[in-house]
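Presented below is the structure to which this report refers.
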2 protein chains.
Amino acid sequence: MELNEKLFKALANKTRLEILRWLKDPENEIHVPTCVPISEEIKDYGGVCVSDLVNQSGLAQSTVSSYLNLLVEADLLIAVRHGKWTFYRRNEVAIQKLGALIKEEL
Amino acid sequence: MELNEKLFKALANKTRLEILRWLKDPENEIHVPTCVPISEEIKDYGGVCVSDLVNQSGLAQSTVSSYLNLLVEADLLIAVRHGKWTFYRRNEVAIQKLGALIKEEL
DNA sequence: ACATTATATCGTTGTTTTCCGATATGTCAA
DNA sequence: TTGACATATCGGAAAACAACGATATAATGT
């Protein structure tokens, strides 16, 4: 984790910011959840599948998928594949570190 | 100060990030300073003129000027005009607040 | 094996950003 | 008040991004 252009580019988009917020509290924020947690990891750590975020955002599936990939590349999200679903969740450690880095190093 | 697209867009550029770093410690980071502090405010709070940042960055004067304006608009920099110079300095309060907001609200 | 579902990737088009040179504005000094 | 300097603004060309539909890949169920 470092404060580079790539990281801030990932955050420089309304929808991607919304995705991060939705994933903060999916129980309340994801209005029509469809993917049921199917593993202990998902039950423990949470995670939302792509199609739920597609519904929520109103954007095309391909757009959301690439946005999610950008956020993973920036280390802000963690992706876990289970069967045909990929569950995305926040990388809380990295996000806290980001806040600290901005205070110290920006 | 809020975590919106505009703020992160301002940070999503290598040169603008460098400018923020240079302004963190201008004495050491600005290699060829030309603008002498001419007021108590600049002496007290610091601040670097546009032409020094133009030299440092190697970009055109117009580019640097608009980059600085973007950072001011995002509330990350403070601009103070003295005579024919405009001195830019970091908005440390806002930057600390940004770090805190990311930890709490991102 | 085949159809279905979920996600990822590719190619494209319109929009935004980057960065420039030219020019305008503002300030000081002679 | 004219010239020189510092900065800001404008208009444009090239690159990057946003967002889409079409298609590829991957896993599941029959």
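Note on naming: letters A, B, ... go to the chains in the order of the sequence lines (proteins, then strands), and numbering restarts at 1 for each one. Computed from heavy atoms alone, side chains included, the values below leave out hydrogens, waters and symmetry copies.
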Roughly, in whole Å, what's the span from CD in Glu5(A) to C1' in dC17(D)?
12 Å
Of the options dA6(C), dC19(C), dG26(C), whose atoms approach the side-chain atoms of Lys84(B) most closely?
dG26(C)
Does dA18(D) have OP1 or OP2 under 4.0 Å away from a side-chain N or O of Thr15(A)?
no
Under 3.5 Å, which N/O atoms of the protein pair with N/O atoms of nucleotides 11-15 of chain D?
none

Residues from residues 49-70 of chain A lying under 4.0 Å of DNA chain D - heavy atoms:
Leu59(A), Ala60(A), Ser62(A), Thr63(A), Tyr67(A)
Is Leu53(B) close to Ile30(B) at the side-chain level, that is, under 4.5 Å between some pair of heavy atoms?
yes
Using heavy-atom distances to pick each residue's nearest nucleotide on DNA chain C, tell me which of Arg81(A) and Lys9(A) is more 5'.
Arg81(A)
Given atom NZ of Lys6(A) and atom C1' of dA16(D), what is their separation to the nearest angstrom?
15 Å
Does a salt bridge link Arg21(B) with Glu29(B), judged by any charged N lying under 4.0 Å from a carboxylate O?
no
Taking atom C1' of dA8(C) as reference, at what distance in whole Å does atom CG of Leu77(A) sit?
16 Å
Integer-rounded Å distance: dT7(C) P and Tyr88(A) OH
8 Å
Any heavy-atom pair between the side chains of Ser51(B) and Thr34(B) that's under 4.5 Å?
yes
Taking every non-hydrogen atom, the tightest pair across Ala10(B) and Leu71(B)
O-CD2, 3.9 Å
NZ/Lys6(B) to CG/Asp75(B) distance, rounded to the nearest 0.5 angstrom?
9.5 Å
Take the protein atom CG of Leu71(A) and the nucleotide atom P of dT7(C), then report the distance between them rounded to whole Å.
16 Å
Report all side-chain donor-acceptor pairs from residues 93-106 of chain A shorter than 3.5 Å, counting only partners two or more places apart or in another chain.
unit_1   : atom_1 : unit_2    : atom_2 : d
Gln96(A) : NE2    : Lys103(B) : O      : 2.9

When rounded to whole Å, the NZ to C1' distance for the pair Lys14(A) and dA19(D) reads 14 Å
Distance in angstrom units between Leu11(A) CG and dA18(D) P, rounded
12 Å
According to a hydrophobic-cluster definition based on side-chain heavy atoms being under 4.5 Å apart (Ile, Leu, Val, Met, Phe, Trp, Tyr only), do Trp85(B) and Val50(B) belong together?
no
Should Asn13(A) be listed as having a side-chain N or O under 4.0 Å from OP1 or OP2 of dC17(D)?
no
Side chains of Phe8(B) and Leu3(B) in contact at under 4.5 Å (non-hydrogen atoms)
yes
Could you tell me how far apart Glu73(B) (CD) and dA8(D) (P) are, to the nearest whole angstrom?
12 Å
Close side-chain approach of Leu77(A) to Arg90(A), heavy-atom, < 4.5 Å
yes
